[in-house]
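Side chains are part of it too, since the values below use all heavy atoms of this structure and drop only hydrogens, waters and symmetry mates. What you are looking at is a predicted structure, and each value in this text was computed from that prediction instead of being measured. Protein chains get the first letters and strands the later ones, always in sequence-line order, with residue 1 at the start of each.
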Amino acid sequence: MGRPQWRVADIRLVLVGTVLIASWIGIGFRLFNVQGVHAAEYAEPGFDQRVRHEETPAKRGTIYDRDSVELAVTVDAQTVVADPSAISDPVGTAAVLASLLGIDESSLVTRLSDSSSQFAYVARRLDPLVAEEVRLMLADEQIKGISLITEPKRVYPADSLASQVLGFVRQDDQQGLEGIEYEYNEVLSGTPGTRILERDGYGVEIPAGELLVEPAVPGSDLILTIDREIQSAVQEAAERALQTTNAQAATIVVLEVGTGDILAMASAPGFDPNRRSGIEPSTVRNRAVTDVYEPGSTLKVVTISAALEEGLVTPEDSWEVPFQLEIEPKEEPYTDEGRDHVATMTVTEIVAYSSNIGTIQIQQRLGNETLHRYLGAFGLGQSSDSGLPGEVPGLLRPVEEWCANVCGPSTAIGYRVDVTPLQMAALFATIANGGVWVQPHVVQAIVDSDGRTEINEPLQRPVLSEDTAQTMRQLLQGVVEYGTGHRAVVDGFTVGGKTGTTQKFLSDEGVYSEEDRIASFIGMAPVDDPRIVVAVVLDSPHGTITEGDEIADLRFGGVSAAPAFAEVAEAVLHRLGVAPDVP
Amino acid sequence: MTAGTLRAHPAADFEAFADVARLKSPVRLWVLFALAVIVAFFGLIYSRISLDHSAFEIQELEQRIATEEARYWQLRLEVAELKDPGRVETLIADLGLVYPESRVALSVPGIDTERLDAEYRWAQLKALLSAQP
């Protein structure tokens, strides 16, 4: 019996079998290698290819006024985007889009002609009506390579209203850049969420394949103390004051007495945060907290209040007041505006006629240390932490650094101390509030996404006794009724206030301007039970007005700022429903 | 004849029947099993399709919620724009309305003396009004 003969078919069978077995062994080995030995190594990139991590933006909180009307709100806006690589006719497409969107056609042609690019913005955050037109056009004409995407847009519904208080955001990433938007950016921004999505081979999201959703936490809402109606009236008054007095800038602050609520705060010229291109940077500044000035005669209320509180004078006390006073080493003597003779004046008259020399005489009884202590107690030289960014503390030098002889008298009449309009408004509000200083603030409450409300409780501290505050209010009423502030009269209401006029300090040159003045008027109404304090500060008003036979110089606070006060006070008292106290 | 034969050998008939039954029983089981597998297979596919369908519906609903929410905020924005005091003032000026030359204040007994109470009541009323849908 010989060895069996291998037939060709058998050989083929063995070969095929061997190849198959070897292949299966190879596949098995590879499988074992991939799925077993290197499993972890391949799993991660595989997972990454299959899923996509996506950050879901948190909706930015809304800013409301005190009546819960929106001042700043984020809405979804439509943005037109292009895939230039998919556009066959860039010129024709650009022509259609440019006419519809009102944008430059030639630059759009350039953007759409870059066929190497797969993404280009055409127009961002469109007006809803325009976006609807684009959507209909895209549906009708089937323009390839053009689509709409949704982007958040911060809108300020009342345009320029309270713009310096609110500030604005950078639209690209919704980060606050100015004002409340900047100061409370973290609170307003919220926390972005996370989504891990599964996608198919074409990169399309698989609806049922979502792996993880960490929802975004919306930003908290802010409720401000601002009243839209009052803010609007204040802005109008500031613009009008700018025009009638030829001033470089006008700043007005309205405080509610007792609560410290900032009802309105505006500087003119202003700006519209919805249309920021080309705006003057100085118009963005909230001058009420960022700009300092020497308050002049309005600061005399501190000197007089301190002397009354310390029992050094009474309103009826009188003495001879010279028309000029020389104090070494000051080269120019102190003078009283428009007086060239010695007069016997009561304290009431010293306040009403804003006598520099009479006030200096009172300061000399008071002493530097006591004056400095009261200035500090009234909040000067320190930030009031009102919640507004860029708030400066002003300048109140330590009393040890005061120069001999001159610093005390000059400070008593409002020089050598720098203040902000808000500090001065809070100072007068202290007198209006029975001698209790209340921290001025602009944020009333913060409401988080769960509805939890955090109420802002302002700081308070007593500065004067109720009696002194009441006496001081009566002295300030005299200023308006027969003194330098008679243009601040408001029909139907008793008004108390103080005028102020100082030479403008030119910081670039380090000298006082011969021509330019800072004119101010700060007052309250009604005098017996004040509800509001209004501070008006004008930067460099100039010109004259004719009143009967008299020509009045607009550089003085009583001429330029007092009428603006009256206009604002009347509107605010009416808005708050305060009953008139003068028959 | 056959019936007679059957009747003559009942035990043999039963054996034959039992053989057939033994043969058929596993087949039936296998058929049932196959059917169960097929039903389970299609059931699984159906449930998966239903799940996907639900996922699409959820996605659509989420999209509608987002759309409606965007519309809600857009409408709130429009209301706020319409309430803009500057806009209202321009409109009333266009209508020729002006502030009165003089104002008359009426003093209502009890209001001035109890201002805080009145404010409290007004705050309560505002809260009630704003709570309406």
Is atom CD of A:Glu132 surrounded by more than 12 heavy atoms (other residues, nucleotides or ligands) closer than 6.0 Å? yes
Taking side-chain contact (heavy atoms from CB on, under 4.5 Å) as the test, write out the residues that go with A:Glu133, two or more places apart. A:Leu100
I'd like to know which of B:Arg76, B:Glu78, B:Lys83 tops the heavy-atom pair count under 4.5 Å against chain A. B:Arg76
Look up atom OG1 in A:Thr74 and atom CG in A:Leu188, then write down how far apart they are to the nearest 0.5 Å. 8.5 Å
Below 4.5 Å from any heavy atom of chain B, which atoms of A:Asp76 appear? Answer side chain, backbone, both or neither. both
Residue pair A:Val447, A:Arg452: steps toward the side chain to side chain contact (heavy atoms under 4.5 Å, CB included) verdict: CA-CA 6 Å; A:Val447 184; A:Arg452 286 188 295 264; over 6 Å; no
Could you check whether atom CG of B:Asp94 has more than 12 heavy atoms from other residues, nucleotides or ligands sitting under 6.0 Å from it? yes
Could you please state which residues from residues 58-65 of chain A sit under 4.5 angstrom from chain B, measuring non-hydrogen atom to non-hydrogen atom, sorted by number, or 'none'? A:Lys59, A:Thr62, A:Tyr64
Atom of A:Asp528, atom of A:Thr494 and distance for their closest heavy-atom approach: N-OG1, 4.4 Å
What parts of residues 220-239 of chain A touch chain B if we use heavy atoms and a cut-off under 4.5 Å? A:Arg228, A:Glu229, A:Ser232, A:Glu236
Where do A:Thr56 and A:Thr194 come nearest, in terms of heavy atoms and distance? OG1-N, 3.8 Å
Decide yes or no on side chain to side chain contact (heavy atoms under 4.5 Å, CB included) for A:Thr79 and A:Arg125, but give the supporting numbers first. CA-CA 5 Å; A:Thr79 288; A:Arg125 300 183 178 89; 4.2 Å; yes
For A:Glu55, check side chain to side chain donor-acceptor pair (under 3.5 Å) against everything at least two apart and list the hits. none
Evaluation steps, side chain to side chain contact (heavy atoms under 4.5 Å, CB included), between A:Tyr156 and A:Glu70: CA-CA 8 Å; A:Tyr156 304 89; A:Glu70 289 83 354; over 6 Å; no
Between A:Arg575 and A:Asp67, is there a side-chain N and carboxylate O pair less than 4.0 Å apart? yes
Scored by heavy-atom pairs under 4.5 Å with chain B, the best of A:Gly492, A:Pro580, A:Pro128 is A:Pro128
